[in-house]
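What you see below is based on every heavy atom in this structure, not just the backbone, and it leaves out hydrogens, waters and symmetry mates. Along the sequence shown, the residues carry numbers beginning at 1.
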Amino acid sequence: MKRIHFTAQDLMRTRVAASIGTAAETFDSVKLLRAPDAGPAFRRWQVAVRGRLDERARPLAALLPPLGPEVDVRSLAGDSACIEEAVDRLLGAPRALLRVEFENIRFRPAHRTWARNLVDGDRETWLQVATALRACHGVAVAPYWDGVRAHLAEVRAAYVNAMAEGGVERLLKSLCGPMLRWRPPVLELEHPYEADVHLNGRGLVIAPTMFSTRRAELMHPVLDPDEAPVLAVPTVTDAVACGTLWDDTRASGVRALEDLLGRTRAAVLEAAAGGRSTTDLARRLGIFPATVSHHTSVLRKAGLVTTRREGKAVLHTVTSMGMALLEPGSRLL
């Protein structure tokens with residue numbers, strides 16, 4: 001059991017966030033995929049996604065210890081809804097933050113040397129994690145993100161309405177259930193470890209989550225003790241709560257596009273939607289520049305991308321026909 005102690009000042013400074021961020025949701029989705037049974041609410045999603053990541057998920061899976069504390073991906077990658085912003089922040093995480101985040105993690109023996117390279121800031125090792133994060137996001141989260149974001153927005157709106165009608169205490173009461181109990185001035189969390197957390201006037205940030213299902217988690221800003229902790233609250237507890245999410249048309253569209261073009265070529269086309277150089281596409285997708293050049297050449301001959309030189313860089317842009325292919329439910333598919 002964890003107990004969060006509020007003062008009057010903490011109640012005044014408590015607020016709600018949109019989400020814990022797409023990177024943290026992606027990490028939670030990998031944990032959920034590894035679960036023997038994600039429960040009825042996620043069964044369709046698990047069946048649709050499992051097996052499509054293969055070895056690409058291994059670096060993220062290596063960050064999951066069998067016991068004890070887990071890596072706080074939100075602290076490392078932020079709460080951005082954009083996966084590329086999250087990856088950039090992850091790759092730029094301060095060494096001091098890495099040491100604090102990793103010092104109490106019980107990695108499996110086979111992963112300890114690899115994890116030590118992460119703590120030491122080894123660029124190649126972190127690029128492996130970044131590549132895995134993009135891949136897992138692209139398969140497990142991105143096809144459903146519009147629906148997930150809408151669901152989280154509805155939950156956040158309900159939180160805000162509760163605060164508007166009855167203040168923060170009404171909100172805290174509305175969170176109560178199997179995982180949380182509000183016993184003024186203490187919010188109790190079901191947790192395997194005993195702890196008393198005093199907010200000391202910082203307040204609390206309450207963030208709804210989608211792919212975290214086991215329990216509410218309290219995330220501490222380890223490098224800034226004056227910043228408010230974040231309480232990640234699971235929002236899905238039954239099949240009805242997210243039954244329509246797994247019908248998202250983008251999921252079937254992504255699979256159809258991969259069937260048509262091949263997984264890597266489809267990824268190149270999608271990543272080039274905003275205009276990218278060969279080097280940028282290679283970095284974002286974790287493949288060699290020569291591989292990017294091969295795929296963009298095929299896409300260009302098919303009329304799906306255009307290519308032009310800007311200084312020393314070669315810039316690829318998706319054509320209107322290519323954009324039509326990327327549209328959910330495209331008739332071209």
Side-chain angles (χ1 to χ4, degrees), residues 2 19-81 83 86-87 90 101-102 104-108 110-112 114-115 118 128-145 147-149 151-152 178-179 189-193 207-220 230-239 241-242 245-246 251:
K2 282 189 177 181
S19 76
I20 59 174
T22 190
E25 289 283 9
T26 299
F27 190 62
D28 284 341
S29 76
V30 172
K31 290 188 285 185
L32 201 57
L33 280 173
R34 291 167 58 86
D37 184 4
F42 288 93
R43 194 162 291 143
R44 285 180 56 200
W45 168 82
Q46 196 175 38
V47 169
V49 174
R50 183 177 281 170
R52 298 183 62 224
L53 281 170
D54 47 68
E55 296 299 309
R56 294 182 295 168
R58 179 166 290 186
L60 287 192
L63 293 176
L64 295 170
L67 296 170
E70 297 178 348
V71 176
D72 181 356
V73 174
R74 183 187 180 279
S75 290
L76 296 174
D79 60 359
S80 173
I83 191 62
V87 167
L90 182 72
E101 283 294 337
F102 285 85
N104 294 318
I105 307 296
R106 300 182 193 176
F107 290 103
R108 291 177 174 83
H111 300 148
R112 286 173 186 165
W114 180 82
L118 290 177
Q128 294 174 15
V129 175
T131 300
L133 185 62
R134 289 191 187 98
C136 292
H137 175 265
V139 172
V141 177
Y144 312 101
W145 185 245
V148 168
R149 185 161 48 187
H151 165 77
L152 295 177
M179 303 178 188
L189 283 65
E190 290 290 343
H191 204 276
Y193 304 106
T209 69
M210 182 70 192
F211 292 99
S212 175
T213 61
R214 291 183 301 168
R215 58 177 176 260
E217 290 287 354
L218 189 64
M219 298 177 285
H220 298 271
V230 176
L231 179 65
V233 181
T235 62
V236 178
T237 56
D238 55 53
C242 62
L245 286 179
W246 316 136

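Taken to the nearest 0.5 Å, the CG atom of D79 stands 9.0 Å off from the CE atom of M219. Remark: E70 CD to D28 CG distance equals 8.0 Å, nearest 0.5 Å. Between the NE2 atom in H151 and the OG1 atom in T209 there is a gap of 8.5 Å [rounded to 0.5 Å]. Separating the CZ atom in F211 from the OG1 atom in T235 is a distance of 10.0 Å, to the nearest 0.5 Å. S212 contributes atom OG, which lies 6.5 Å from atom CD of E217 (distance to the nearest 0.5 angstrom). Between the OG atom of S29 and the CE atom of M210 there is a distance of 11.0 Å, given to the nearest 0.5 Å.
For the pair F27 and L76, the minimum side-chain heavy-atom distance is 4.5 Å or more. Using a 4.5 Å heavy-atom cutoff, the side chains of W114 and L63 are in contact. Side-chain contact between L32 and Q46 is absent, with no heavy atoms from C-beta onward closer than 4.5 Å. Inter-residue side-chain proximity for V71 and I105 is flagged as met; some heavy-atom pair is nearer than 4.5 Å. At a threshold of 4.5 Å between non-hydrogen side-chain atoms, the residues L218 and V230 do not count as touching. Contact check for L231 versus L189: side-chain heavy atoms found under the 4.5 Å cut-off.
Judged by distance alone, with hydrogens and angles left aside, the side-chain atoms of R108 form a donor-acceptor pair with the main-chain N or O of L64 at under 3.5 Å. Remark: the backbone N or O of I20 is not paired with any side-chain donor or acceptor of E25 at under 3.5 angstrom.
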Under the side chain to side chain contact (heavy atoms under 4.5 Å, CB included) criterion, do I83 and W145 qualify, and how do the steps go? CA-CA 11 Å; I83 191 62; W145 185 245; over 6 Å; no
Criterion side chain to side chain contact (heavy atoms under 4.5 Å, CB included) on V87 and L133, from CA distance to verdict: CA-CA 8 Å; V87 167; L133 185 62; 4.0 Å; yes
Where do R56 and T131 land on the side chain to side chain contact (heavy atoms under 4.5 Å, CB included) test, with the steps shown first? CA-CA 8 Å; R56 294 182 295 168; T131 300; over 6 Å; no
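Aromatic ring pairs are classed by plane angle as parallel below 30°, tilted from 30° to 60° and perpendicular above 60°; the pair H191 and Y193 is tilted. By the 30° and 60° cut-offs, the orientation of the rings of F107 relative to F102 is parallel.
When all heavy atoms of P65 and P69 are compared, the closest pair comes out as CG-O, 3.2 Å. Residues M179 and P234 approach most closely at SD-CG, 3.7 Å, considering heavy atoms.
A 6.0 Å sphere centred on CZ of R106 holds no more than 12 heavy atoms belonging to other residues, nucleotides or ligands.
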